[in-house]
Amino acid sequence: MNYNEEQLRAIRHHEGFCLVVAGPGSGKTAVITERAATLIEQRGVEASRLLTLTFSKAAALEMLERFTKRTASAYPAAVFGTFHSVFYRILMDSAGEKALKILGALERGRLMEQVMKSLGLYPSAESVASLLRGVSNRKNCGRKGQGVSGALPYAERFEEIFERYEDLRRELELMDYDDIAPDCLRLFRERPEVLQRWRERFCFLQVDEYQDIGPVQEELLHLLAAKHRNLFAVGDDDQSIYGFRGADPKVMQRFLSLYPDAERIQLPVNYRSDEEIIEAADKVIRRNRTRLPKARMRSALSAQCRDRQVFCAKDYRDTEEELKDLCNLIKENAVKTTEGPDFSGIAVIVRTHACAAKAAEILAARGILFDMKEDVKTLYEEPVAKDILAYLRFAHEGGKRADFLRMMNKPLRYFSRNCVTREVVEQEDLLRHYRNSPQMQERVRTFFSEIRLLSVMRPKTAIGYLRRAVGYERYLREENDRAGLLYALGVLDRMEEDAEKLRTDQYFVRVRERLSFAEHYRGEHSKAAARSRGVKLMTMHASKGLEFDHVFLPMCNAGIVPHMQAAGEEALEEECRMLYVAMTRARKSLQVSFARQSARGALLPSPFLWYNE
C-alpha cells in the first residue's frame with residue numbers, strides 16, 4: 001500500500017505519546033496495523049508486549065486479520081481485542097477469581113424485576129428497561145449520582161434500586177458488561193502489584209476510536225501507560241456519538257493536556273468519498289465549536305460521477321412523497337443481476353429506531369429487499385402499539401380476555417388477573433367479582449364507559465382519546481425515563497398518522513398487512529437474500545465504521561435531527577456529529593432529505609442542513 005506523508009509519520013512513530021486525528025475514510029485501520037508490524041519488525045518490540053484496543057469485535061477481528069496477513073502470521077503473540085474482552089481477561093487472570101458469568105439482556109431484565117418486586121415496586125417492561133439504562137449510565141460514568149437522569153421511573157429511589165441490584169448480582173456471582181472496566185480499575189487501585197505486572201506485559205498501547213472511551217476506560221489507559229509512556233491514540237472528535245455510555249469528544253483535548261509532550265498527527269486525506277460529499281459534510285460539522293482545530297478533509301479521488309448528482313439536499317411536499325421517491329431512487333441505483341436487483345451497495349440511514357421501522361414498512365410494501373441488523377420492530381410489533389390495539393380490539397371485537405389482560409392496568413386501575421375467568425370479559429362479571437369494594441366497582445363502570453365510547457370512534461380519534469382522556473400517556477410518563485417516554489410517544493404519533501382518514505375495518509386491515517409484511521421479511525429465505533442483496537437499513541449510531549456506494553438520509557426534520565430530546569449545546573453538538581458520521585459513509589452519492597408536511601401538520605428541516613459558516 002502506498003501511504004501518504006501524514007500516514008507514514010504516524011506509522012513511524014516509535015516511543016512516547018501520540019494523538020492521531022483520523023477523519024472519515026483516512027485509512028486509520030491500515031495505519032494502526034502497519035505501525036504494529038513496524039514496531040515489531042523494525043523497532044524490535046516483542047509482539048507479546050503490544051496491545052491494540054478497539055470497541056467492536058468486528059473492528060478487532062479486521063485489524064487482527066490485516067496484521068496477520070501483513071506479517072504472514074509470524075507474530076501471533078500480539079494482542080488485538082476489544083476493551084471488554086481484554087479487561088475481562090485481565091480481571092479474571094489477575095484477580096485469581098473464578099470466571100464470572102456475563103449477564104445477557106434477558107437475564108438483566110429478570111434480575112431487575114426481582115429487585116423491584118423485593119422493594120414493593122411494579123416491574124413493567126418499560127420501567128425495567130429504563131432502570132437498566134440508568135444502571136448502565138452509572139457504571140459507565142464511574143461516579144455516584146453521575147449519568148442518572150431525574151426522569152427515570154422511581155428516580156427518588158434509584159440509589160436504593162441500584163444498590164439492591166448490585167448486591168443481588170454479586171450474591172449470584174454474575175457480571176454486567178458494564179462492570180468489566182470499573183472492576184478492573186478497582187483491581188488496579190487496590191492491588192498495585194497486579195497493575196505493575198500488566199504494565200510490564202503491555203509496554204506499547206494502541207487505541208482505536210479513542211473519542212469513544214468513557215471516564216473509566218480513560219483512567220485505565222492512563223494507569224497502564226504511566227510507566228513506559230507509550231500510548232498511541234487514534235480517533236476523531238467529530239465522530240464521537242456515544243454520549244449515552246459516557247463518551248466525551250473532549251477526551252481528545254484532555255489527551256493533549258494530560259500528555260503535553262504528545263506528538264499530534266492529522267490524517268486529512270479521505271480515500272472514501274467524492275469531494276462534493278466531503279464538502280457537504282464539512283459544512284455540517286463546522287457548526288460545532290467544541291472540536292479540535294484541524295485542516296478540512298480533502299478527497300484523494302478524482303471526479304467519479306460527473307454525469308450525475310453526487311450530493312443532494314432535497315425537500316419534499318410531504319412524508320409520503322419523500323418515502324415514495326426514496327424507493328424509486330433505490331431501484332434506480334440497484335445493480336442489475338440475473339438473480340434480480342442487487343441493493344447491497346445502498347444504505348438508508350436514519351436517526352431513530354422509529355424512523356427505521358417506518359422505512360422498513362415502506363421498503364417491504366414496495367418489494368425492496370432490506371437488511372436490518374438492529375432489532376427494530378415494525379410499528380404494530382411495538383409494545384405501545386400492542387397496548388392500543390388491545391383496547392381497540394376489546395371495544396370492537398367482543399371483549400376478549402387476552403386483550404383485557406394486556407391493557408387492564410394501563411393506566412393502573414388495580415384490576416387483578418383473577419377478576420376474569422371467562423374468555424369474554426363482561427361488565428357484570430367484574431362487578432360481581434368486586435362486589436365488596438365500591439371503589440373498584442366504580443373503576444369497573446368507568447372502564448366500560450370508556451370502552452363504549454371507543455367502540456363508536458374512528459381509529460385516529462380513539463387513539464387520541466386513549467392517550468389523553470383515558471390516561472395512557474400518564475401511564476407511560478410514570479413508567480419510562482425521558483428516552484423511553486419520547487420513543488413511546490413517537491410510536492403513538494405514528495399510529496395516529498397511520499390511522500388518518502381510515503374507518504375501523506380499514507385500519508384493522510392495514511395492521512394485518514403490516515404484520516404480514518414483517519413476517520414475510522423475517523422468513524429464512526428472505527433474510528438470506530436480504531443479507532446478500534438487500535438495502536442496508538440502519539440508524540446513525542449503527543452506521544459508524546461502515547461505508548456504501550450510495551447513501552440516503554431521509555426524514556432529516558427538526559425534532560428528529562436533532563432529536564427532540566436533545567437539550568443544551570452539548571447534546572446538539574452530538575446530534576450534529578451523528579449527521580456528520582452518517583453523511584461520511586457515502587462513497588459515490590449522497591442524498592439528504594426532509595418533508596414539509598406530515599399527517600400531523602407542518603414540518604421544518606433540520607437546522608443542521610443549511611449551516612454555512
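Model, not experiment: these values are computed from the prediction. Hydrogens, waters and symmetry mates are skipped; everything else that's a heavy atom, side chains included, is used.
When all heavy atoms of Ser240 and Glu574 are compared, the pair lying nearest together is O-CG, 4.1 Å. Closest heavy-atom contact between Phe548 and Val551: CB-CG2, 4.1 Å. Of all non-hydrogen atoms in Phe594 and Cys556, the two that sit nearest each other are CB-O, 3.4 Å. Between Glu570 and Lys250, the closest heavy-atom pair is OE1-NZ, 4.1 Å. Taking both residues in full, the closest heavy atoms of Ala262 and Phe255 are given as CB-CE2, 3.8 Å, listed atom of the first, atom of the second, then distance. Taking each heavy atom of Met583 and Phe311 in turn, the nearest pair found is CE-CE1, 4.0 Å.
For the residue pair Thr52/Gln206, the side-chain donor-acceptor check at 3.5 Å is satisfied. A donor-acceptor contact under 3.5 angstrom links the side chains of Arg108 and Ser136, judged on distance only.
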- Query: Checking side chain to side chain donor-acceptor pair (under 3.5 Å) for the pair Gln217/Glu219: CA distance, chi angles, key distance, verdict?
  - Reply: CA-CA 5 Å; Gln217 292 156 334; Glu219 190 165 353; over 6 Å; no
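To the nearest 0.5 Å, atoms CZ (Phe608) and CG (Asn288) are separated by 7.0 Å. With rounding to the nearest 0.5 Å, the separation of CD in Gln211 from CZ in Phe55 is 8.0 Å. Between Ile213 atom CD1 and Phe83 atom CZ the span is 6.0 Å, to the nearest 0.5 Å. Atom CZ of Arg366 is separated from atom CD1 of Ile330 by 10.5 Å, given to the nearest 0.5 angstrom. Note that CG of Leu326 is 10.0 Å distant from CG of Leu553, once rounded to the nearest 0.5 Å. We find the CD1-OH distance between Ile241 and Tyr580 to be 12.5 Å, quoted to the nearest 0.5 Å.
No donor-acceptor pair closer than 3.5 Å links the side chain of Arg351 to the backbone N or O of Val561. At distances below 3.5 Å, at least one donor-acceptor pair connects side-chain atoms of Glu361 with backbone N or O atoms of Leu379. With hydrogens and angles ignored, the 3.5 Å screen pairs no side-chain donor or acceptor of Arg272 with any backbone N or O of Pro24. Judged purely by atom type and a 3.5 angstrom limit, Asp315 has no side-chain atom pairing as donor or acceptor with the backbone of Ala595. Using a distance-only test at 3.5 Å, with no hydrogens or angles considered, a donor-acceptor pair links the side chain of Asp342 to the main chain of Ser344. The main-chain N or O of Gln597 is never found under 3.5 Å from a side-chain atom of Arg317 such that the two would form a donor-acceptor pair. Not one N or O on the side chain of Gln266 forms a donor-acceptor pair closer than 3.5 Å with the backbone of Lys294. In this structure, the side chain of Glu322 engages the main chain of Met555 through a donor-acceptor pair within 3.5 Å. No donor-acceptor pair closer than 3.5 Å links the side chain of His550 to the backbone N or O of Gly345. The backbone N or O of Asn4 lies less than 3.5 Å from a partner atom in the side chain of Gln7, making a donor-acceptor pair.
Lys544 pairs in a salt bridge (Lys or Arg N to Asp or Glu O under 4.0 Å) with only one of the listed residues (Asp236, Asp238, Asp212), which is Asp212. The salt bridge (Lys or Arg N to Asp or Glu O under 4.0 Å) test with Glu547 is passed by exactly one of Arg585, Lys536, Arg587: Arg587.
Between Glu6 and Arg9 there is no salt bridge, since no side-chain N of the basic residue sits under 4.0 Å from a carboxylate O of the acidic one. Under the 4.0 Å criterion applied to side-chain N and carboxylate O atoms, Glu209 and Lys28 are assigned as salt-bridge partners. Under a 4.0 Å N-O distance rule, the pair Lys324/Asp318 does not qualify as a salt bridge. The pair Arg291-Glu573 fails the salt-bridge criterion, with no side-chain N (NZ, NE, NH1 or NH2) lying under 4.0 Å from an Asp/Glu carboxylate O. The pair Arg468-Glu496 meets the salt-bridge criterion, since a charged nitrogen lies less than 4.0 angstrom from a carboxylate oxygen. Remark: Glu275 engages Arg296 in a salt bridge, criterion side-chain N to carboxylate O under 4.0 Å.
At a threshold of 4.5 Å between non-hydrogen side-chain atoms, the residues Glu497 and Asp493 do not count as touching. The side-chain heavy atoms of Val384 and Leu492, taken from C-beta on, include a pair separated by under 4.5 Å. Using a 4.5 Å cut-off on side-chain heavy atoms (C-beta onward), Leu363 and Cys327 make contact.
Partners of Tyr475 under the side-chain hydrogen bond (donor to acceptor under 3.5 Å, both in side chains) rule, at least two apart in sequence or in another chain, are Glu126. For Tyr154, the side-chain hydrogen bond (donor to acceptor under 3.5 Å, both in side chains) criterion is met by no residue, not counting sequence neighbours. When the side-chain hydrogen bond (donor to acceptor under 3.5 Å, both in side chains) test is applied to Ser130, the partners found at least two apart in sequence or on another chain are Arg133, Asp481.
Classification of the Tyr487-His353 ring pair by plane angle, with boundaries at 30° and 60°, yields perpendicular.
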